[in-house]
Participant: 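The structure is given below, and queries will be raised subsequently.
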Amino acid sequence: MKKYSVFNLFTNALSYHENWQRAWRSPKPKSDYDVVIVGGGGHGLATAYYLAKVHGVTNVAVVEKGYLGGGNTARNTTIVRSNYLWDEAAALYEFALKLWEDLSQELNFNVMFSQRGVLNLGHTLQDMRDIERRVNANRLNGIDGEVLTPQQIQEIVPLLNCSPSSRYPVLGASWQPRGGTARHDAVAWGYARGADSYGVDLIQQTEVTGIRRENGAVVGVETNKGFIGARKVACVTAGNSGVVAAMAGLRLPVESRPLQALVSEPLKPCLDTVVMSNAVHGYISQSDKGDLVIGAGVDGYNGYGQRGSFNVVEHTVQAICELFPAFSRVRMNRQWGGIVDTCPDACPIISKTSVDGLFFNCGWGTGGFKATPGSGYVFADTVANNRPHPLAKPFALDRFYSGALIDEHGAAGVAH
Amino acid sequence: MLHIYCPFCREERDEEEFSYAGEAHIQRPLDPESLSDEEWGDYLFFRTNAKGIHHEMWYHIAGCRRYFNVTRDTLSYQILESYLISQQPGVRAKQTASAEQGEQPNAN
């Protein structure tokens, strides 16, 4: 892999940037791998990268039915934070946030991680009680957090309607300065390029149609381009996790639903932080390109169509206009939906399964993007050593039988 | 926006009048005390999450406030029937792997 550097930029400029090395190869699948990762999104590619880099497992293929990072990685609202309530979740997301902080150097790829701070607004007394409890829990876990007053919020976000007579009066907020945004595509591309440089085969346009098992252990995957042998199969397929699990005769406690987002026309810089509000179901930030990136809620019912109900978008936009009256004339450019696999406790599943050599990393629901590096790291460790990584242990499938759920509906509910 | 037929009101109404109440035909165990942890977890948390034909409960919360069942395709979002909770669905997914073949019936 040729390193990206100022020197390389200069030398390539001499040949009109026509001779850059391709970021990754497009290899033909081999007949056999140590590990096949199903799903080439951010989490899958990160898993491949850390398998190769940390564990020296390089005979790995990532099998992707479309193109790399073309699913939910391309559809989320790119918010990164770690202010989760419970110790288990806080540890996992904070681990991911720490990896984010030097990910660009790690990957030699600018993931444009911008720690611009994340505000969670409180509009009712109960919101404020929850926020204070969560911020205190965060600080006990070594995660930065503050409770802000409306005056402090107004200083940070001058456009926010903090007047007491507004429809959704702002009573306060939690503030995580280390939170922010990152460039979603760059994360997938950076991990893909890194994994490829260790010899991982990234196989696109290849859909897994079955998981072959013998004597209760996986032996490979059937694809639309033939059989690929594997001693271990790691599935990271987000909204389609239930479908992939069914191929191995398993059920998962996830339900797939569309989550929507929309972006406006590009504007001059006007919002330099991330503002989220669980109570009114909206979150908003401004991308480097200038468009307002707005996240809406999930549909109330199961669905696999990559679109969502119009009324969900309508409610979100109403709320955004109440919070930011200045945005009421902004025109929206695009709207889309991605299928998220929601878990009963709003926490992910990172787990071995009852089939030997078959692993699942799913159930990230409405907020998996922020965890991409951490998710890949702990999942790679789990797959390589055939036992859960200490941070992943509480997120195993057996919690749905033992009852040890990690209820993060408060911190994970809507805002991502 | 879904248009859902309420079998009690005998009218097709907008989805906003309804709220989703989860998968249909899940029976509460008759003898919960005798269930193993696996069976109880299965009853509480594991759903079919079908990609294709799905039987689900809806609640006409802004209307007659009664529950009924709907058969819907989760890929095309086409609603195939509404029926009473006491009834069995008239439309069913093909046996085995409706998930894998889910895309075919919706090609149009």
Side-chain angles (χ1 to χ4, degrees), chain A residues 65 207-211 222 224 237 239-258 298-315 337 339-345 347 349 354 362-363 396-405, chain B residues 1-4 13-24 26 35-62 69-79 93-106:
Chain A
K65 72 173 173 184
E207 183 169 0
V208 169
T209 54
I211 295 173
E222 313 279 356
N224 57 358
T237 48
N240 275 306
S241 293
V243 178
V244 176
M247 292 175 190
L250 298 173
R251 294 173 83 199
L252 293 172
V254 295
E255 292 199 288
S256 298
R257 295 185 175 186
V298 277
D299 276 7
Y301 47 86
N302 291 10
Y304 284 88
Q306 283 179 320
R307 55 190 179 277
S309 298
F310 182 71
N311 54 321
V312 173
V313 173
E314 200 177 12
H315 287 155
I339 304 305
V340 298
D341 44 340
T342 54
C343 248
D345 58 356
C347 269
I349 296 166
S354 54
C362 62
L397 263 174
D398 60 14
R399 73 178 189 267
F400 297 99
Y401 301 124
S402 68
L405 302 186
Chain B
M1 178 82 74
L2 300 178
H3 288 214
I4 300 170
R13 308 291 296 177
D14 276 354
E15 116 188 19
E16 279 198 285
E17 284 191 17
F18 300 85
S19 80
Y20 182 72
E23 187 176 343
I26 294 174
L35 289 192
S36 66
D37 285 352
E38 278 69 28
E39 288 168 321
W40 186 246
D42 214 52
Y43 159 69
L44 277 183
F45 300 121
F46 288 68
R47 300 290 176 261
T48 58
N49 195 23
K51 187 175 187 175
I53 303 289
H54 189 233
H55 308 292
E56 56 201 22
M57 289 190 291
W58 284 84
Y59 178 33
H60 198 177
I61 191 163
N69 288 349
V70 163
T71 303
R72 183 173 60 94
D73 189 315
T74 56
L75 205 57
S76 68
Y77 292 7
Q78 188 185 3
I79 292 178
K94 288 196 187 83
Q95 275 303 309
T96 70
S98 65
E100 285 155 54
Q101 295 161 3
E103 288 182 49
Q104 283 155 16
N106 307 302

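Quick note on labels: first sequence line is chain A, next is B, and so on, each numbered from 1. Everything numeric here is computed off the predicted structure, so don't read it as measured data.
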Participant: Identify which of B/L44, B/D14, B/D42 forms the greatest number of heavy-atom pairs closer than 4.5 Å to chain A.
Facilitator: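 Winner by heavy-atom pair count: B/D42.
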Participant: Identify the heavy atoms of B/K51 and A/Y304 that sit nearest to each other, and give their distance.
Facilitator: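 Minimum heavy-atom contact is CA-CE1, 3.4 Å.
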Participant: Is a side-chain donor or acceptor of B/N49 paired with a backbone partner of A/S256 at a separation under 3.5 angstrom?
Facilitator: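 Pair found, side chain donor or acceptor close to backbone of A/S256.
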Participant: For B/S76 and A/R307, work out which heavy atoms get closest and say how close.
Facilitator: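 Heavy-atom minimum between the residues: O-NH2, 3.6 Å.
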Participant: CD/A/E255 to OG1/B/T48 distance, rounded to the nearest 0.5 angstrom?
Facilitator: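 OG1 of B/T48 is found 8.0 Å from CD of A/E255.
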Participant: Write down the atom of A/L397, the atom of B/F46, and the distance for their closest heavy-atom approach.
Facilitator: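 Where A/L397 meets B/F46 most closely, the heavy atoms are CD2-CZ, 4.5 Å.
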Participant: Residue by residue, scan residues 16-24 of chain B and write down, ordered by number, those that have a heavy-atom distance under 4.5 Å to chain A; if none do, write 'none'.
Facilitator: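 Within residues 16-24 of chain B, the residues under 4.5 Å from chain A are B/E16, B/Y20.
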Participant: Between CG of A/N302 and CD of B/E56, what distance do you get to the nearest 0.5 Å?
Facilitator: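 The CG atom of A/N302 sits 7.0 Å away from the CD atom of B/E56.
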Participant: Over all heavy atoms of both residues, which pair between A/F400 and B/F45 is shortest? Give the atoms and the distance, please.
Facilitator: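 Shortest heavy-atom separation between A/F400 and B/F45 comes out as O-CD1, 3.5 Å.
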Participant: Between A/V244 and chain B, with a heavy-atom cut-off of 4.5 Å, which part of the residue counts as in contact: side chain, backbone, both or neither?
Facilitator: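 Nothing of A/V244, per the 4.5 Å heavy-atom cut-off to chain B.
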Participant: Please answer whether the main-chain N or O of A/G303 pairs with a side-chain N or O of B/R72 as donor and acceptor at a distance below 3.5 Å.
Facilitator: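 No; zero donor-acceptor contacts below 3.5 Å.
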Participant: With sequence neighbours excluded, tell me which residues meet salt bridge (Lys or Arg N to Asp or Glu O under 4.0 Å) with B/E39.
Facilitator: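 In terms of salt bridge (Lys or Arg N to Asp or Glu O under 4.0 Å), with neighbours along the sequence ignored, B/E39 is linked to no residue.
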Participant: I'd like to know which of A/S402, A/G403, A/S309, A/C343 tops the heavy-atom pair count under 4.5 Å against chain B.
Facilitator: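 Most heavy-atom pairs under 4.5 Å with chain B: A/S309.
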Participant: Please classify the contact of A/D345 with chain B as side chain, backbone, both or neither, using a heavy-atom distance under 4.5 Å.
Facilitator: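 Neither; nothing under 4.5 Å.
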